[in-house]
Amino acid sequence: MCGIWALLGSEYNPSKHEEEFLKIVGRGPDLTVVSEVAPRVWLGFHRLAIVQPGDEPCEQPIVAENLSVVCNGEIYNHLQIKDDSPIKPNDVLNGSSDCAAIIHAFRTHNNNLRKCCASLDGVFAFLMADQEFFYIGRDPIGVRPLFYGQMKTGGLAFGSEIKSIEKFCSRVEYFPPGCCAQISIKNPTEELVFQQYYTIPSSPDRSITVYTAQAIIQKILVDAVEKRLMGNRRFGFMLSGGLDSSLIASIASKFLTHKPIAFSVGFEDSPDLENARLVAKFLNIPHKVLVITPEDCIKIIPEVVYALETFEPLIVRCGVAHYLLCKYISTISDVKVLLSGEGADELFGSYAYMQRAPNPAHLHREILRRLKHLHQYDVLRCDRATSCHGLEIRVPFLDKKFIEFASRLPPSYKLIQKKLEKYVLRSAFEGWLPEEVLWRSKEGFSEALGWLPEEVLWRSKEGFSEALGKTDLGDIVHEHTNRLISDDEFAQRAKLFSWKTPETKEEFWYRALFESFYSMKKLDGIIHTKVYRTAAWQLPEEKENCKDDLLHIETSRFRRRSTGSAKFSGVA
C-alpha cells in the first residue's frame, strides 16, 4: 500500500500543499517524495516498504526514457513484462520495483495506454508523465483508489484519497476503475476523456460444467493467492472464521515460508471468535484476538468516518471492527501485509437478499451491479481502514482472472435449490490437496490436513459487524444516536441535509460527522448510497429503498445466512 499524489498545471507550494499531501502519509510512512518531473508537473509518493531495506531500491518516481511514474499497487506479472520490454533494466531508475513494469508495458505497446493497462495483471492506480502528456490508469475493479479534481487556480490535482486534494479543488471526482486517460501537459484545463480498457464479462458461459468449474476455481484461486505473496515483510490474515477469509488463509499458509499470524476481532461473547480459533489451530499458525466493547465502537466512529470518506451507514458500521483490528495489528505486531476474503460474496451472489432473487438471471444482473460499485463500498472500506495504519491489504478473490471466470459461470450454479450459498466454491476445496499444490507448497506440509475443517468449509457465517457478538452493533449505534440526537433536531434534517436526506438518526450522525471533515458540495458525485438499498429486480418505484421483507431470509428456507448476512454487513 502506498499513497500517490500529483499536481498538473500548477507549481507545488509547500505552505499550501504539503499539509494536504501529508494527510495520506499513513499509506506510506517509510518514505515521502515530491518531485517536479516535467514543467508544472509534480508527482508525490508515500512509500510503504513491503520489500525490506537492503534489497535493490524500490523508490518512486520510477524513471526511464523521459517517463516518470508513481504507482500505488502490485503488478504480479512484472517479470514477464520486463523480459518482453525493449528497455534495458539498467536504464530504469528504481527499476527493481514491480511497478516499473508500467513503463516497460507502455513502451512495449508503442505508447498505447489502453493496451498497456490491459496487459497489467495486478491492482494499481498510477500517474505517469513525459514532457508532453500526463497519463493515468486504474485497475479493473478499483481495488486501489484514485481521485482527481480541478484546482481553483487552474490545473488538476490527483490523490489516493479525497482528503489529500479536497481543500484546494473546486470539485472532486473518482477516477473510474478499468479506465485510463491522457491529457496534454500544455493544456491541463481540457476535459479528461476516459478510455475504458476493461469490462467485467456479462455473458455467462453455459457450456461450463460444475465439475469443470470446481477444478478451475480451485486452480485460479490458488494461483491468485500465491502470486500475492510478493514481499519479505511478515504476512497476516484477517480471519473472521467464515469461509472466505479462512480459505484464503489456508491457501496462503501452504506457501509462506515465514509463519503468518491470524487476527480476529469481536465482543467477548462472539461465537465467531471460536470458529476463527478453530481455523488458526487447524492451520497451525499464531492467532491474535482483539476483544472490544460497545464503548470502543462508539468512541472510534468519528475516526472511521474520516478515514473511510463516506457516510453510508452500513460501510461505516462494518468499518468500525475493521478499523479497530487494523489499529491493533499495527500496534502489536510486525505484520505489514494482510490477506482478506473480500469479493467472494459479490462474485458468487451469496448475500442473503441475493439468494432470494426471483431467478438466476436476476441474480446475475445483481452480481454485475454490485461489482460495478464495489470500489465505492466494501473495497473502499477495505482500503481506507487498513491503509491509514500503514498496512497493505491484498484481495485474491478480486484477481482479474478469478473475476473473469466467476462472472462467466452459469448463474444457476450460484442459486441452487437445497444447496448452501457458494456451493461451487465450497465444493471446489473439498478433499485432499492436489499434487501440484503439494509440490509447490512449503516443505514439510502434511497432505492429510486438506484445505479446511468440514465444519468451516460448509458453514455460513455473518459478517464482521454482526459477528462481533450476540448484541448487534446496529442496535448499539441506534441506542447511542437516540440519546445523542433529539427528535426536534432530527425533524429538521431536510433543512440541514437537503441532498440525500438522512432517514435514521444513525445516518444523521454519520452525515454530520462527514460534513465536519469534508465539503459536501465538492463531493456529491462520489458518495454512492444505493447499493445496499436496492436490488436489480426491483420495480422502478422501489429503487430507492428495498422493502424490509426483501432483505431477510425466512427461517423455513434451507439456505442459511451468508457471509455478508441479511443486513449486508461485514467483511469476509
**OP:** Classify the side-chain pair S427/Q214 by whether it contains a donor and acceptor separated by less than 3.5 Å.
**Re:** yes
Contacts table for residues 115-123: side-chain donor-acceptor under 3.5 angstrom, sequence neighbours left out:
unit_1: S119; atom_1: OG; unit_2: C116; atom_2: O; d: 2.7
unit_1: D121; atom_1: OD2; unit_2: K227; atom_2: NZ; d: 2.7

Subject >> Residues forming a salt bridge (charged side-chain N to carboxylate O under 4.0 Å, His left out) with E430, sequence neighbours excluded >> reply: none
Original post:
Does P410 have any side chain to side chain contact (heavy atoms under 4.5 Å, CB included) partners at least two apart in sequence or in another chain, and if so, which?
Top reply: I208, S412, Y413
Original post:
In chain order, what residues pass the salt bridge (charged side-chain N to carboxylate O under 4.0 Å, His left out) check against E161, with sequence neighbours excluded?
Top reply: R27, K163
Original post:
Which heavy-atom pair separates F126 from L146 by the least distance, and what is that distance?
Top reply: O-CD2, 4.5 Å
Subject >> Ring geometry between W537 and H362 (parallel below 30°, tilted from 30 to 60°, perpendicular above 60°) >> reply: perpendicular
Original post:
Judged by atom type as modelled, is there a donor-acceptor pair below 3.5 Å linking the side chain of E309 to the main-chain atoms of I162?
Top reply: yes
Subject >> Pair Y510, E506: side-chain N/O donor-acceptor within cut-off below 3.5 Å >> reply: yes
**OP:** Please name the pair of heavy atoms, one in P260 and one in I285, separated by the smallest distance, quoted to 0.1 Å.
**Re:** O-CB, 3.7 Å
Original post:
In terms of side-chain geometry, is the basic nitrogen of D139 or K400 positioned less than 4.0 Å from the acidic oxygen of its partner?
Top reply: no
Original post:
So, for F397 and F402, is the gap between ring centers shorter than 6.0 Å?
Top reply: yes
Subject >> Side-chain donor-acceptor contact under 3.5 Å, S253 with S250 >> reply: no
**OP:** Applying salt bridge (charged side-chain N to carboxylate O under 4.0 Å, His left out), name anything that partners E404, two or more places apart in sequence or on another chain.
**Re:** none
Subject >> Partners meeting salt bridge (charged side-chain N to carboxylate O under 4.0 Å, His left out) with R234 (sequence neighbours left out) >> reply: D334
**OP:** Report the C-alpha separation of F158 and F175 in whole Å, then their side-chain angles, then the decisive distance to 0.1 Å, and conclude whether the ring-ring contact (aromatic ring centres under 6.0 Å, His included) test is met.
**Re:** CA-CA 9 Å; F158 296 82; F175 193 89; 7.3 Å; no
**OP:** I would like to know whether Q196 and Y198 meet side chain to side chain donor-acceptor pair (under 3.5 Å); could you show each step before the answer?
**Re:** CA-CA 6 Å; Q196 188 169 4; Y198 182 84; over 6 Å; no
Original post:
With respect to Y377, which candidate in E346, E312, H528 satisfies the side chain to side chain donor-acceptor pair (under 3.5 Å) definition?
Top reply: H528
Original post:
Is it true that D399 and R228 have a side-chain N and a carboxylate O under 4.0 angstrom from each other?
Top reply: yes
Original post:
Do Y323 and H389 have ring centres separated by under 6.0 Å?
Top reply: yes
Original post:
Would you call E421-K414 a salt bridge at under 4.0 Å N-O?
Top reply: no
